[in-house]
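Proteins get letters first, then strands, A, B, ... in listed order; numbering begins at 1 in each. Quantities reported herein were computed from a predicted structural model and do not represent experimental measurements. No hydrogens, no waters, no symmetry mates; every other heavy atom, side chains included, goes into these values.
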2 protein chains.
Amino acid sequence: MSTLTNAAEVLRLFGSGCHAITVTEVGARLGLPKASASRLMKAMRECGMLETIGDSRQHRPGAMMLDLAAAFRQSSSLMRDAAEAVAAVTRQYGHTGYISIRIGQEVTAVVDFEGTAALRVVSNIGQHLPAHLAATGRALLARLPETDLAALYAGHSDLDTILPRIAACRAQGYSLSIQETTPGVEGISVAVGDPGTGEAVALCLVYPHAVVTPQDRDAMIAALGARAADLAQRFGDPIFRAPDFSNRTTP
Amino acid sequence: MSTLTNAAEVLRLFGSGCHAITVTEVGARLGLPKASASRLMKAMRECGMLETIGDSRQHRPGAMMLDLAAAFRQSSSLMRDAAEAVAAVTRQYGHTGYISIRIGQEVTAVVDFEGTAALRVVSNIGQHLPAHLAATGRALLARLPETDLAALYAGHSDLDTILPRIAACRAQGYSLSIQETTPGVEGISVAVGDPGTGEAVALCLVYPHAVVTPQDRDAMIAALGARAADLAQRFGDPIFRAPDFSNRTTP
DNA sequence: AACCATGGTTCCATAAATCCGAACAAACGG
DNA sequence: CCGTTTGTTCGGATTTATGGAACCATGGTT
C-alpha cells in the first residue's frame with residue numbers, strides 16, 4: 001500500500017516545528033517527483049488529511065486531526081484519569097501540568113493544563129524530546145526492566161550516564177528536571193501504568209525555579225505521587241513506586 | 001486514490017464518542033468486506049495512522065495525531081494569538097475558555113484552557129456541534145454575508161429562527177448561550193478573522209450560570225471583546241464588530 | 001475432546017490505481 | 001510583459017488493490 005505509506009510520510013513531516021509545507025518541499029524531502037507529490041497531496045486534500053491555508057500554496061494537516069487527537073486521548077482510561085489527576089494538582093498549586101507518553105526513545109506530551117502562576121509555558125504538545133533528557137521520559141523509562149532499558153539504548157553514546165540516572169529515578173519513585181529542557185524551569189514527574197493495556201503515562205508539573213522553595217517542591221511531588229498512587233491502585237499497576245524522599249538526587 | 005479515501009473514512013469514524021473500533025465494526029460501518037477492512041487497517045497500523053490498544057482487537061488513531069493536531073493549531077497565527085488571548089482571560093477570571101472554528105454547519109473546539117473556578121468542564125475538543133445552536137457557532141456565522149449564510153442553511157428546517165438570531169448576534173458583536181448546550185452553563189463568544197487567510201475563530205468563555213452576576217458577565221464580555229478587538233486590529237479584520245451592550249438579547 | 005461461532009488474516013486472479021516524464025497551466029516578481 | 005518558479009494534467013506500462021474463498025485464532029458449549 002504505497003499510497004498510504006506515502007501519505008503517512010507526508011503527515012510525519014509535520015513536526016519539529018514544521019506547521020505548513022508546499023508541494024515542492026514535500027517532493028524534495030521525500031524524494032518524490034513533483035508530479036507524484038502534487039497528485040498525492042491533492043488526494044490528501046480531497047479526503048481531508050491536508051488542507052491549504054487560505055489560497056496559499058502552504059498545506060497543513062486537516063482539521064480532522066483535532067478529532068483524531070481527541071479520540072486518541074479518550075481511548076485510554078489511564079490517560080483520561082491521569083489527565084484529571086494532573087489538572088487537579090495544577091489547580092491546587094497553580095503551576096502548569098501535563099501528561100506524557102513514551103514512543104521509543106522519545107517522549108511527547110498528550111495534554112497540558114496551563115497554570116495561573118507567573119510561568120507562561122508554551123504548550124509542548126507536538127514536540128518530541130529524547131526521553132532520557134526529560135523528567136517525564138526518565139520517569140517512564142524507570143518503569144522498564146533493566147534488560148528492556150539496555151536493549152532500547154543499546155549502542156547509545158550516553159549509555160554510561162543514562163542507565164544509572166534511570167536507576168536512581170526508579171529507586172526514588174519520581175524524577176526531577178532542573179533547568180534541563182528550559183532555562184529557569186523545573187519539572188517533576190511520576191509515572192504510572194495500566195497492565196491491562198501495557199500503557200504508561202508520566203504525570204508532570206513544571207514551575208519557575210526561582211519562585212518555588214524546596215518545601216513547596218516536596219509538597220508538589222507528594223501531591224503528584226498521591227494522585228499517581230491512586231491511579232496505580234485503580235489500574236493495578238504492579239510496578240508503581242511512590243515518591244521516596246530519603247535518597248535525594250536529581251535524576 | 002481509493003485506498004486513501006478508505007483510510008480517511010476509517011479515520012472519520014473516530015468522533016461523536018467513538019474512541020476505539022474493531023475490524024468488524026469498520027467493515028460494517030463502511031460497507032467493506034471484512035478482508036478489505038482487515039487489510040486496510042493492517043496497512044494503517046503499519047504506517048502509524050492507527051494503533052491497537054494493548055493486545056486487544058480495539059484500534060484507535062495513532063499517536064502521530066497528537067503531532068498533527070498541534071501542527072494544525074500552530075499553522076495559523078490567528079489561532080495561536082486567539083488562544084493566547086483566551087488563556088489570558090481564563091487566568092483573569094478563572095473560568096474555562098476555548099477557541100472554536102467552523103466547518104460548514106458545525107463548530108468544533110481547537111484548544112481549551114481549564115479554569116480554576118468551580119465549574120469542571122469536560123474538554124469539548126473532538127466534539128462537533130451544530131453551529132447555530134452554540135454561542136461560538138453563532139458568533140462565527142454572524143461574520144458571513146447574508147447571502148452566504150442563506151446559502152449555507154438553504155432548505156434547513158430552522159431557517160426561520162436561525163437567520164434572525166444570527167442577525168441579532170451580528171448587531172450585538174457577541175453571542176451568549178444560556179444553558180443551551182449544557183445545563184447550568186453559560187457561554188459568551190466573540191469571533192474574529194484574518195482576511196489574509198480567510199480564517200475565523202471564536203473566542204469563548206464558559207461559566208456556571210449560578211455564580212456569575214450580570215455585571216460579572218458584562219465584564220467578561222468586555223474583556224473578551226477587547227482581546228478580540230486587539231486581534232482584529234492586528235490582523236486587519238474588516239468585519240469585526242466590538243461587543244455592544246445597548247441592545248441586549250440572547251442570540 | 002470435538003464442535004461451533006466469532007473475529008480476523010491470507011491467498012490469488014482480475015480489476016483498478018499508480019507511476020513518471022513531458023507537456024501544460026498558474027502564480028509570482030522584476 | 002516576460003522569465004522563472006511552482007504546481008497540474010496526461011497516458012500507457014507497471015504496480016497495487018480488490019473480494020470471495022480458504023484459513024487461522026480464540027473462546028465457549030456440548
Side-chain angles (χ1 to χ4, degrees), chain A residues 1-14 18-62 71 75-76 194-199, chain B residues 1-14 17-62 71-72 75-77 194-199 236:
Chain A
M1 284 193 171
S2 188
T3 296
L4 214 42
T5 304
N6 286 338
E9 293 211 356
V10 170
L11 292 178
R12 234 183 300 271
L13 293 175
F14 295 103
C18 169
H19 315 311
I21 197 163
T22 62
V23 167
T24 302
E25 283 165 349
V26 165
R29 293 184 64 177
L30 297 188
L32 291 176
K34 65 173 183 168
S36 300
S38 173
R39 199 176 41 236
L40 173 62
M41 291 171 79
K42 178 177 179 179
M44 291 175 75
R45 284 199 300 275
E46 287 171 348
C47 70
M49 289 187 184
L50 291 180
E51 65 185 50
T52 51
I53 304 181
D55 292 333
S56 75
R57 293 166 168 169
Q58 297 284 335
H59 290 69
R60 66 186 174 197
S75 68
S76 158
D194 173 359
T197 62
E199 295 172 318
Chain B
M1 284 194 171
S2 189
T3 296
L4 213 42
T5 304
N6 286 338
E9 293 211 355
V10 171
L11 293 178
R12 235 182 300 270
L13 294 176
F14 297 101
C18 169
H19 315 312
I21 198 163
T22 62
V23 168
T24 302
E25 284 164 348
V26 166
R29 293 182 63 178
L30 298 189
L32 291 177
K34 63 175 184 170
S36 300
S38 172
R39 202 175 36 237
L40 173 62
M41 291 171 80
K42 177 177 178 179
M44 290 174 77
R45 284 198 301 274
E46 287 172 349
C47 70
M49 289 187 185
L50 291 181
E51 65 186 48
T52 50
I53 304 182
D55 293 332
S56 76
R57 291 167 168 168
Q58 296 285 336
H59 290 70
R60 65 187 174 198
F72 178 81
S75 69
S76 158
S77 305
D194 174 358
T197 61
E199 295 172 317

Show the atom names and distances, to 0.1 Å, of all donor-acceptor pairs under 3.5 Å that link a side chain in residues 27-34 of chain A to residues at least two apart or in another chain.
none

Minimal non-hydrogen separation, B/H59 against B/T52, with atom names: NE2-CG2, 3.7 Å
Closest non-hydrogen atom pair, B/Q58 against B/I21: OE1-N, 3.3 Å
Nearest-angstrom distance from the residue atom CE of A/M41 to C1' of D/dT6: 12 Å
Test item: side-chain donor near acceptor, B/R60 and B/H19, under 3.5 Å: no
Side-chain N,O (B/N6) to OP1/OP2 (D/dA17) below 4.0 Å: no
Side-chain donor-acceptor pair present, A/E199, A/T197, cut-off under 3.5 Å: yes
Minimum heavy-atom distance A/A20-A/I53, with the two atoms named: CB-CD1, 3.7 Å
Whole-Å distance separating the CG atom of B/D55 from the P atom of D/dA25: 16 Å
Nucleic acid footprint by protein, nucleotides 8-13 of chain C - heavy-atom cut-off 4.0 Å, B for base, S for sugar-phosphate alone: BBBB--
Atom-to-atom span, CG of B/L4 to P of D/dT18 - whole angstrom: 11 Å
